[in-house]
Number of protein chains: 2
Amino acid sequence: MGAISYIYLNLEISGMALTHAILTALLEEDLTGYELAKQFDVSLGFFWTASHQQIYQTLKRLYAEELVTAREVSQTGKPDKRVYSLTDSGRRSLDAWVLSETKKRKVTDELFAKLYTVGHSSTAAVIDAVIQRQHDHREKLALYRKIESRSYAAPLKLPDQRKGVYLALLAGIRQEEASLLWCEDALSLLVSVSQVG
Amino acid sequence: MGAISYIYLNLEISGMALTHAILTALLEEDLTGYELAKQFDVSLGFFWTASHQQIYQTLKRLYAEELVTAREVSQTGKPDKRVYSLTDSGRRSLDAWVLSETKKRKVTDELFAKLYTVGHSSTAAVIDAVIQRQHDHREKLALYRKIESRSYAAPLKLPDQRKGVYLALLAGIRQEEASLLWCEDALSLLVSVSQVG
DNA sequence: TAGTAATATGCAAATAATTGCATAACAACA
DNA sequence: TGTTGTTATGCAATTATTTGCATATTACTA
């Protein structure tokens with residue numbers, strides 16, 4: 001009988017990493033797939049990237065596993081939506097995951113790979129890519145700062161439940177700032193490279 | 001006949017992103033799969049993560065597509081190794097890739113997802129995760145600075161072909177510095193959170 | 001001489017993510 | 001009334017990545 005409940009529990013656990021990223025977002029508030037996709041695109045984007053297809057798929061699985069519940073909501077002036085909430089089982093799953101070992105950060109960023117080609121291929125293309133990235137960083141930084149001043153002006157006075165979210169935002173701000181400074185330095189050095197290709 | 005060469009050319013192009021990351025690394029010097037795996041684990045690691053299985057698989061494909069050549073090398077005191085070099089076709093593939101649109105950076109970092117659980121689950125576990133990350137950043141920063149002082153002490157005097165690699169290193173250094181500062185700030189705030197769970 | 005660690009390479013199955021569709025409600029504007 | 005843009009959700013096929021083995025050489029040390 002112990003064996004049966006052991007198997008039963010195992011069936012409920014999702015190994016997929018996105019699972020927990022979605023569940024943590026639902027800790028703060030109930031959300032639809034569409035809203036989650038937007039959050040992953042903006043505020044969550046600096047530490048987690050996910051497409052809307054991935055998110056809808058995962059939500060469907062989380063629902064089947066009863067880690068979330070869903071309710072259909074009619075809207076006026078917009079299509080209906082499906083709002084997801086965490087279940088107690090979902091919360092317990094998060095509790096266990098927080099205690100588990102933190103997996104290594106995964107990244108793939110073509111920009112830096114392109115940098116390795118400097119002096120071998122078109123430097124102009126690399127410069128364009130850096131400028132593009134510079135624009136992206138500026139936009140992200142402006143957005144993060146707006147969120148900060150609107151919702152996190154006094155970090156020490158925040159309720160405990162919002163301190164972690166603030167710290168994630170702070171990391172995003174610091175990262176964008178550092179990246180912007182780097183873009184400037186990179187462009188200064190890249191203009192000194194002779195044309196190739 | 002135009003159609004035939006068109007099809008032929010298409011068959012040579014690998015869509016996989018790792019492809020180009022490996023080819024760029026081979027621009028600098030000939031490398032084995034094992035050496036590539038180590039580079040991806042250390043210096044390249046901050047902008048590109050890849051397992052050795054992934055790397056060996058991809059190298060095999062690049063060899064089949066004739067983007068690289070390989071030679072077996074006997075060593076004394078170590079097992080034999082297989083050294084890969086870029087072909088002209090590989091170089092042309094890189095040239096085309098540099099001109100193509102830069103794909104969006106992809107990340108997944110559980111640490112920040114765990115941060116979202118602060119005030120809901122074990123804060124101690126989150127603190128441990130931040131401390132762990134702090135150690136990682138310290139080690140990476142020390143390594144990057146060592147590489148910098150050993151090989152990139154005078155950036156402006158570098159040959160063009162090494163400027164891009166230097167800039168990637170610089171980005172790594174800046175990122176590690178910013179992350180380390182953030183870890184300290186994060187730990188200061190996290191100790192103010194009451195125990196939960 | 002047995003065990004551990006580093007060097008070196010790989011296969012196969014399972015899982016996850018991407019790409020390319022596809023649909024539909026509703027608003028605003030031409 | 002057709003078009004464009006935003007909101008909203010999803011499927012299916014392909015491609016990429018991870019996980020769990022598996023193997024072998026050589027050095028060092030207990």
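Basis for what follows: all heavy atoms, side chains included, without hydrogens, waters or symmetry-related copies. Chain letters run A, B, ... following the sequence lines, proteins first, then strands; residues in each count from 1.
- In this structure, CD of A/Glu72 is placed 19 Å from P of D/dT7, rounded to the nearest angstrom.
- Closest to the side chain of B/His52, from the set C/dT9, D/dT9, C/dT7, is C/dT9.
- Considering only side-chain N and O atoms, A/Gln53 lies nowhere under 4.0 angstrom from the phosphate OP1 or OP2 of C/dT18.
- Which of D/dT18, C/dA25, C/dA8 sits closest to the side chain of B/Ser51 comes down to D/dT18.
- Closest approach to the B/Tyr34 side chain among C/dG20, C/dA6, D/dT7 is made by C/dA6 (side chain taken as heavy atoms from C-beta onward).
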For a side chain to side chain donor-acceptor pair (under 3.5 Å) check, start with the C-alpha distance between A/Thr102 and B/Lys114, then their side-chain angles and the critical distance, and finish with the verdict. CA-CA 9 Å; A/Thr102 310; B/Lys114 284 194 176 179; 2.9 Å; yes

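- Of the side-chain N and O atoms in B/Lys60, one or more sit less than 4.0 angstrom from OP1 or OP2 of C/dC11.
- Remark: P of D/dT15 and CD of A/Gln57 are 17 Å apart, rounded to the nearest angstrom.
- For the OP1/OP2 pair of C/dT9 and a distance below 4.0 Å, the side-chain nitrogens and oxygens of B/Thr32 include at least one atom meeting the criterion.
- Side-chain proximity of B/Gln75 to the nucleotides C/dA17, C/dT7, D/dG10 is greatest for C/dT7.
- Counting to the nearest Å, the C1' atom of C/dA16 and the CD atom of B/Glu110 are 14 Å from each other.
- Across the protein-nucleic acid pair, A/Ile55 atom CD1 and D/dA8 atom P stand 14 Å apart, rounded to whole Å.
- The closest side-chain donor-acceptor pair between A/Thr19 and A/Arg61 falls under 3.5 angstrom.
- With rounding to whole Å, B/Lys78 atom NZ is found 13 Å from D/dT26 atom P.
- Each of A/Ala50 and A/Thr76 was assigned the nucleotide of DNA chain C with the nearest heavy atom; the assignment lying further toward the 5' end belongs to A/Ala50.
- A/Asp128 and A/Gln132 share no donor-acceptor pair across their side chains, judged by distance under 3.5 Å alone.
- Nucleotide D/dT19 holds its C1' atom 11 Å from the NZ atom of A/Lys106, rounded to whole Å.
- Aromatic pair A/Tyr56/A/Tyr34: ring centres not closer than 6.0 Å.
- For B/Trp182 and A/Phe47, the gap between ring centers reaches or exceeds 6.0 Å.
- In this entry the distance linking CZ of B/Arg61 with C1' of C/dC11 reads 16 Å, nearest Å.
- Whole-Å rounding puts the B/Leu59 CG to D/dT17 P distance at 14 Å.
- Listed nucleotides C/dT18, D/dT9, C/dT9 differ in distance to A/Gln54; the shortest reach to its side chain belongs to C/dT18.
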